[in-house]
Every structure is written in C-alpha cells, then in structure tokens.
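What follows is a set of notes on a single structure, which appears directly below.
Throughout, a chain's letter reflects where its sequence line sits, starting with A, and its residues are numbered from 1.
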Protein chains: 2
Amino acid sequence: MENKKSVTIHDIARVLQIDSSTVSRALNNNPRVSAKTKKIVQDKAKEMHYRPNTLASNLRTQKSNTIGIIVPHITKYFFSTAISGIEEEAHKAGYNVIICQSKDSEDLEAKNINTLLSSRVDGILLSPAIKTSTIDHIQKAMESNIPIFFFDRYIKEVSTTKVITDDRITSKELALHLLSQGIRKLAVLTGDTKVSIYDNRVKGIYDAFKESGLNTESKLIMQQIKLDIDEAHEAINKWVEKKVDFDAVFAMNDMAAIGAQKALQEKGFKIPEDVLVAGFSNEPIAKLVSPPITTVHQPAAEIGKLAAKKIINHIQESDKSILASETAVLDSELIIRESTLRKK
Amino acid sequence: MENKKSVTIHDIARVLQIDSSTVSRALNNNPRVSAKTKKIVQDKAKEMHYRPNTLASNLRTQKSNTIGIIVPHITKYFFSTAISGIEEEAHKAGYNVIICQSKDSEDLEAKNINTLLSSRVDGILLSPAIKTSTIDHIQKAMESNIPIFFFDRYIKEVSTTKVITDDRITSKELALHLLSQGIRKLAVLTGDTKVSIYDNRVKGIYDAFKESGLNTESKLIMQQIKLDIDEAHEAINKWVEKKVDFDAVFAMNDMAAIGAQKALQEKGFKIPEDVLVAGFSNEPIAKLVSPPITTVHQPAAEIGKLAAKKIINHIQESDKSILASETAVLDSELIIRESTLRKK
DNA sequence: AATTATTGTACAATCGATTGTATTTTTTTT
DNA sequence: AAAAAAAATACAATCGATTGTACAATAATT
C-alpha cells in the first residue's frame with residue numbers, strides 16, 4: 001500500500017487548470033472569486049476529499065486558532081468541568097484547545113507553557129500549580145506577547161486578567177453558618193495558603209469570626225495538609241487521639257471533608273449530632289455520602305466559559321492597548337446539607 | 001508597544017553571519033555541524049530567547065508529534081484517568097496530545113476526527129460515542145492513512161488495534177459472586193448494548209447463568225437506561241412500585257449503582273440484607289457511599305498507557321506492512337465490598 | 001467603437017524550519 | 001607542495017496555504 005499523500009489546493013488547481021490562489025480564495029469564500037468558480041472548486045474539493053492543512057494555514061497566518069489550557073489535574077471534577085466550559089466557548093468561536101496537566105508541579109507547568117508557546121497557541125488559560133513559588137516562567141512567557149490569563153487559581157504577583165470565584169465571601173458565609181449552629185470550636189483543614197484559593201477561604205473564616213466578635217485563639221484550630229481523603233483521615237485521627245476538642249470540621253475541599261467524616265464516624269462520632277462537617281467545591285460525591293456534606297458550589301463550567309470568552313476577546317481585539325487586565329469574580333453558592341444541620 | 005515578532009533561525013543566522021541551515025542543524029545537534037559552531041549557535045539561541053516554531057517544523061517534516069484523543073466525556077473519572085495515562089506515555093516519547101470530547105454524539109465525534117486530521121495529528125485514540133451507529137466517518141478517516149486505534153470502547157465492524165478490558169470475564173465473575181450469595185432474582189441495569197462494553201458485560205452475565213445452570217427467564221430481568229444516578233433511581237422506583245421481585249441489582253456502572261442503592265434505601269430496603277447492589281468501573285465514589293459498593297476495577301491509566309504505546313509504535317514503525325491490527329485485553333478486577341455481602 | 005471601470009484570475013512572495021546538493025574550507029595522504 | 005579525502009558550511013527547494021500586486025477579461029460609460 002503506497003503512502004497516500006493528502007490532497008492540497010495545488011492538486012485541486014492542477015485538476016481544474018486554475019491557479020492555487022484561486023482555489024484558496026474559492027474555498028475561503030473570498031469575494032474576488034466568481035460564484036461559478038467557487039462552486040466548481042468546492043465541488044471538486046469535496047470530490048477529492050480535500051482537507052485543509054491547518055499547519056500550513058496557521059504558519060502563514062501566524063495564528064493557530066488554538067487556546068492552551070493548563071490545569072493541575074484533569075481528573076479533578078472541578079477542572080474537567082471548567083475545561084468543558086472552555087472547550088464549548090472555544091469551539092463556538094472557531095478555536096481548538098490543547099489541554100495540559102501540571103500535576104501541581106512547577107517544572108511541568110513551565111514545560112507545558114513552553115510546549116504551548118512552541119505550538120504557537122494564541123493564548124493560554126492557566127490555573128497554576130500549588131507548588132508554583134517562582135513566577136519566572138510565567139513572566140517570561142508573558143513577554144512573548146501571547147496572553148496568559150488565570151482561572152480559578154491565580155498568582156497575586158502576576159498582573160493579568162483572571163476569572164475567579166468569590167471564595168472569601170462564600171467561605172465566610174459557610175463559617176457563619178457553622179457558628180450559627182452554636183459550635184464550641186471549629187477545626188479547619190486547609191491546603192497550602194500560598195495558593196490563592198486556600199488563602200482566600202481561610203481569610204473568609206477569619207472574616208466570619210471577626211464579624212461574630214469571636215476569638216479565633218480559643219475557638220479555631222487549623223492544620224495545613226494535602227487535601228485528600230487519606231491525609232484528612234489521618235489528621236482527624238491524630239486530633240481525636242490527642243483529645244483535641246472541636247465539634248465542627250471545615251475542610252477546604254470535599255475530598256478532605258469526606259476523609260474527615262469517615263475518620264470521625266469510625267471513631268464513633270455521629271455527624272452532624274456530635275460534629276459538623278463541611279467541604280468545598282460541591283463534587284458530585286459530596287451529596288452521595290452519608291450524611292450528605294455541606295459544601296460550596298463553584299460554577300466551574302461558567303468560570304471556564306467566561307475565561308475562554310475573555311481570552312478570545314483579547315486575542316481578537318486588534319488594539320491591545322485598550323485592554324487592561326481585569327478580575328472577574330463569579331458567585332459561588334453555599335449548599336447546606338445534612339452534615340452541618342444540628343437536629344433541634 | 002510594538003508587536004514583538006518571535007525569533008527565528010534566520011534571525012540567529014543573520015546575527016552570527018552564517019546560514020540558517022547551519023543554525024537549524026546546530027540546534028538539532030546534527031553531526032554535519034562542528035562542535036564549536038554548535039556551541040556558538042546554541043548560546044546565541046538561548047540569549048535571543050529562541051523558541052522553535054513547531055508549526056513550521058511540523059509542516060516541513062510532515063509530522064506533528066501529536067496524538068489526538070477522543071473520549072465521550074472528560075469529566076468521567078475513567079476517561080480522565082485514561083487520558084492521564086495516554087499523556088504520560090506520549091510525553092515520554094516526545095508527543096503531545098490534543099483532547100476532544102464527543103459528548104457521546106456521533107456528529108461531534110465526526111467533527112472531532114476532522115479537526116484532528118486537519119491538525120495533522122500522527123494518530124488518533126478513540127473511545128467511540130454511544131450513539132455511533134454509522135461507521136462512515138471512521139472509515140473515511142482511516143483511509144487518510146493516519147492510524148485510529150480504539151481504547152476501552154470499540155466498534156466491532158471497524159478492524160483496527162484496540163486496547164480493552166476483559167469486561168465479559170469479570171462481569172461473569174461478578175454475576176457468579178452475586179449468584180453465590182443465594183439470590184432469588186437478579187435485576188440488571190444496562191446501557192445501550194450496541195456499545196461494546198455493555199454488550200460484553202451483559203454477555204458475561206449470561207455466561208454466569210449458563211455456567212450455573214440457571215434459567216435466565218425466571219431469575220433475570222434487565223432494563224436498558226441511560227446509566228446515571230437519576231435514571232437508575234427512577235428505574236428502580238418503577239420496579240418497586242410495580243412490585244417486581246428481585247433481590248440483587250447489577251448496574252453497568254457505578255453511578256447507576258449508586259442511584260439504585262439510593263432508591264432502594266429510600267423505599268426502606270436494607271443493603272445488603274434485603275437487596276444486593278453492584279456496579280462497574282470502580283469510581284472513587286463507589287467505596288465512599290454507605291454501604292460501599294461492589295464493583296469492577298478497570299485499569300484506566302494502564303489502558304491509556306498501553307494504547308499510547310501501541311499507537312506510537314505504529315507511527316514510528318516504518319514498515320507498516322508488518323503491523324496487523326491486534327486486540328490487547330487488560331485484566332479488570334472484581335472488588336467485593338459490603339453492598340453484596342449477605343450477612344450470615 | 002473607443003475608453004474607462006469593474007470583476008475575475010494568475011503570478012510570486014511569504015510564513016519558519018528542514019534537507020538534498022553544491023561549494024568551500026580544512027585535514028590527510030602521497 | 002600538490003592531490004585527494006573529509007569536514008564544515010552555504011545554497012536553494014520544499015512543506016501547503018495565504019495574500020498583495022499584476023494582468024486579463026468582461027461590463028459599463030461616453
């Protein structure tokens with residue numbers, strides 16, 4: 001079997017005895033080509049199974065109509081949902097997306113950025129890695145003149161457009177809700193507060209304490225962990241064994257909340273009678289465990305959509321000077337479930 | 001701010017007063033360039049922040065070092081895990097991936113294939129949409145001479161390499177396990193049996209009945225639904241209301257199993273005392289509900305890795321004639337949990 | 001019918017990297 | 001030191017599509 005080479009506009013031009021530029025214009029519906037010729041060309045293109053070579057086109061036009069996405073983990077529901085949102089908007093506008101995972105590693109993130117820039121993406125939507133401590137690789141990329149926007153997570157020191165949620169506000173709401181249940185002491189499981197989202201959520205908790213006039217010294221304990229089931233499980237176990245007193249757990253994501261709930265139940269605590277448990281992000285699983293867990297719904301798909309819209313806008317805006325970097329904040333929503341409702 | 005054009009090998013060549021072909025060879029470590037010149041060029045390239053233009057390179061070399069992936073939904077844990085596996089192997093081999101979602105629509109799937117072919121990916125890994133009834137778009141793509149391999153799901157009528165799991169065998173195992181618990185009647189919630197995976201799982205159940213010498217007429221009922229929480233919930237409710245007799249549910253994915261379990265519990269049935277419940281795929285959530293649900297673990301990451309390896313092998317093999325299409329079957333694993341263990 | 005305006009096509013350069021061939025420079029051999 | 005061999009570099013075509021400019025064909029105007 002010979003190696004079938006793919007059909008080019010030159011092949012079509014040769015067959016029709018016309019110039020390839022005319023073929024190109026005909027296929028792109030350019031007014032300089034007569035309707036008659038267009039029809040002939042388009043028919044022949046279909047007949048010959050012509051498929052435009054995006055590489056060649058992109059090279060010539062200096063744009064790839066592609067948006068790069070970098071997320072920590074595509075297996076996380078929040079991110080895969082956000083990606084879906086980005087994809088949807090991107091496709092609507094005729095853009096493709098390339099998805100990369102940083103696995104929360106700064107190295108990989110830098111590599112991903114490089115790959116995307118080499119692929120000449122028109123823009124990058126980035127939700128930075130937890131471990132991102134230096135911002136060199138991002139700064140350098142921004143010098144290359146292709147826009148990099150943040151979504152969900154962001155880096156304070158980098159000034160660019162971001163699409164985020166009002167974590168701080170909703171975190172405060174959740175904390176107020178817990179306090180309103182009359183708890184003695186709140187235990188918080190947080191992620192690295194160098195990460196914007198965790199920082200904001202913690203600040204929200206302090207806001208709630210301040211507003212309630214409560215003393216964080218005596219009524220709040222906090223521990224930083226890797227926010228997954230196992231580490232949360234372990235952290236709670238240690239607290240219980242050390243007889244640390246608390247009667248509510250606020251974990252900064254749902255997986256940690258589930259791990260905490262499991263650990264507490266194994267130790268014989270009843271949720272919510274003995275201890276309240278709350279999470280964050282509204283993973284589908286949160287409402288399926290027993291009891292269903294109070295959490296915060298973040299509009300992942302909307303974040304993705306908006307971020308995509310914004311960067312596409314930016315790409316297509318010829319006069320870049322009028323585009324300042326802005327911060328779009330989407331509302332998140334407190335979802336109260338059984339796990340934090342004290343029975344009367 | 002002027003529009004910074006990116007640095008090309010020609011820019012480097014001009015600065016160094018040498019030919020761009022030498023620059024190209026120096027950067028690619030070609031033996032035709034002296035070590036001294038290589039050093040000079042590479043240093044200068046770094047200094048000038050040179051970044052190769054992948055588009056140009058790909059156009060010239062007629063390969064993109066990119067693999068396209070099409071899955072029904074990236075938000076499904078199984079698929080995002082498989083994608084992670086593919087990515088890992090691909091990156092190891094110097095390939096990038098482009099990920100597309102078909103949303104289980106044949107139209108979108110065809111569009112995705114077209115996009116990928118236009119982007120000149122070197123190969124496509126496809127897990128076909130449920131709704132894929134015609135195979136034209138796949139056949140046509142295969143004519144274009146770029147390999148399309150299946151993973152997880154496949155289409156019988158299309159002969160190409162596939163990487164799948166031994167669903168039928170493990171489904172049979174699971175069914176045997178249920179039968180061994182001494183059940184009266186098994187209720188099966190299946191997806192569209194036109195889809196390979198569901199077809200195989202159903203066949204596995206029949207295998208188990210045959211092996212046990214049991215009559216499927218009297219001891220098995222089956223219903224085809226969209227395998228999600230809500231439809232499963234509804235299906236179970238209807239059965240219960242109609243007083244259909246069964247004391248075990250085998251749902252062909254975990255979400256449906258969870259929906260079924262919820263519905264049964266709401267109707268007052270105890271799991272597993274009154275009814276056994278089993279799912280499929282070992283979603284993380286399956287072990288977190290109460291009671292934890294018996295399921296089948298499918299090695300998603302391994303499937304992805306193997307599929308990636310196979311297609312990269314195929315791409316890099318110059319003598320395509322020796323490559324026949326093959327079927328790799330990976331073992332899946334029965335995971336028995338509380339939901340199907342009758343208390344003695 | 002001659003001139004101008006308009007429309008449709010063809011020509012040729014270009015995007016940036018790669019690569020076969022030709023040429024120059026250096027090294028080795030006699 | 002001249003000839004041959006080897007190494008390093010330069011030249012030029014190419015990948016496929018796009019696009020500004022030039023030219024030809026037709027239509028409109030006088």
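- Heavy-atom distances to DNA chain D give each of A/T22 and B/T22 a nearest nucleotide, and the one nearer the 5′ end belongs to B/T22.
- Within 4.0 Å of B/I18, counting heavy atoms only, lie sugar-phosphate atoms of the nucleic acid but no base atom.
- Checked by atom type and distance alone, the side chain of B/N28 never pairs as donor or acceptor with a backbone atom of B/N30 at under 3.5 Å.
- A sub-4.0 Å separation between OP1 or OP2 of C/dT9 and a side-chain N or O of A/T37 is present.
- One can place CG of A/D19 at 13 Å from C1' of D/dG16, the figure rounded to the nearest angstrom.
- In this structure, B/S196 contributes its side chain and B/I155 its backbone to no donor-acceptor pair below 3.5 Å.
- Electrostatic pairing of A/D104 and A/R153 counts as a salt bridge here, judged by a charged N lying under 4.0 Å from a carboxylate O.
- Annotation: proximity of residues 39-53 of chain A to DNA chain C (heavy atom, distance under 4.0 Å) is found for no residue.
- Within a 6.0 Å sphere centred on NZ of A/K92, other residues, nucleotides and ligands contribute more than 12 heavy atoms.
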Going through the checks in order, is the side chain to side chain donor-acceptor pair (under 3.5 Å) test met by A/D19 and A/S21?
-> CA-CA 5 Å; A/D19 193 81; A/S21 64; 2.7 Å; yes

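- A/N58 has its CG atom 9 Å from the P atom of D/dT18, to the nearest Å.
- Nucleotide D/dA28: paired with C/dT3 (Watson-Crick or G-U wobble, both distances less than 3.5 Å).
- Look at A/E326 and A/K162 and you find no salt bridge, because none of the NZ, NE, NH1 or NH2 atoms lies under 4.0 Å from a carboxylate O.
- With hydrogens and angles ignored, a donor-acceptor pair under 3.5 angstrom links the side chain of A/S21 to the base of C/dC11.
- Using a 4.0 Å cut-off, some side-chain N or O of B/Q62 falls inside it from OP1 or OP2 of D/dG16.
- Atom C1' of nucleotide D/dG16 and atom CG of A/L27 are separated by 12 Å, given to the nearest angstrom.
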Output a table of nitrogen or oxygen pairs between the protein and nucleotides 5-7 of chain D separated by less than 3.5 Å.
none

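- Between D/dT18 and A/T61, no contact under 4.0 Å exists linking OP1 or OP2 to a side-chain N or O.
- A/N65 contributes no side-chain N or O that, together with a main-chain N or O of A/Y95, makes up a donor-acceptor pair within less than 3.5 Å.
- If you measure from atom CG of B/D11 to atom P of C/dG16, you get 8 Å, rounded to the nearest angstrom.
- Side-chain atoms of A/S64 come within 3.5 Å of backbone N or O of A/R120 as a donor-acceptor pair.
- A salt bridge does not link A/D43 to A/K46: none of the charged nitrogens lies less than 4.0 Å from a carboxylate oxygen.
- For A/R120 and C/dC15, the CZ to P distance is 13 Å, given to the nearest whole Å.
- Comparing B/S20 and A/S20, the nucleotide of DNA chain C nearest to each residue sits closer to the 5' end for A/S20.
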Kindly indicate, with the supporting measurements, whether the criterion side chain to side chain donor-acceptor pair (under 3.5 Å) is fulfilled by B/K38 and B/N29.
-> CA-CA 7 Å; B/K38 271 181 197 168; B/N29 211 17; 3.1 Å; yes

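- Rounded to an integer number of Å, the gap from A/I9 CD1 to C/dT9 C1' is 14 Å.
- We find that CG of A/L55 is positioned 14 Å from C1' of C/dT18, with the value rounded to whole Å.
- With hydrogens and angles left out, the side chain of B/R25 and the base of C/dG20 share a donor-acceptor pair within 3.5 Å.
- Both B/Q17 and B/L59 lie near DNA chain D, and the one whose nearest nucleotide falls closer to the 5' end is B/Q17.
- A salt bridge links A/K44 with A/E47: the distance from a Lys NZ or Arg NE/NH1/NH2 to an Asp or Glu carboxylate oxygen falls below 4.0 Å.
- Put simply, CG on B/L16 is 17 Å from P on D/dA8, counting in whole angstrom units.
- Between B/S57 and C/dT18, a side-chain N or O to OP1/OP2 separation shorter than 4.0 Å is present.
- B/N28 comes within 4.0 angstrom of the backbone, heavy atoms only, and of no base.
- Note on B/S24: a base of the nucleic acid sits closer than 4.0 angstrom, heavy atoms only.
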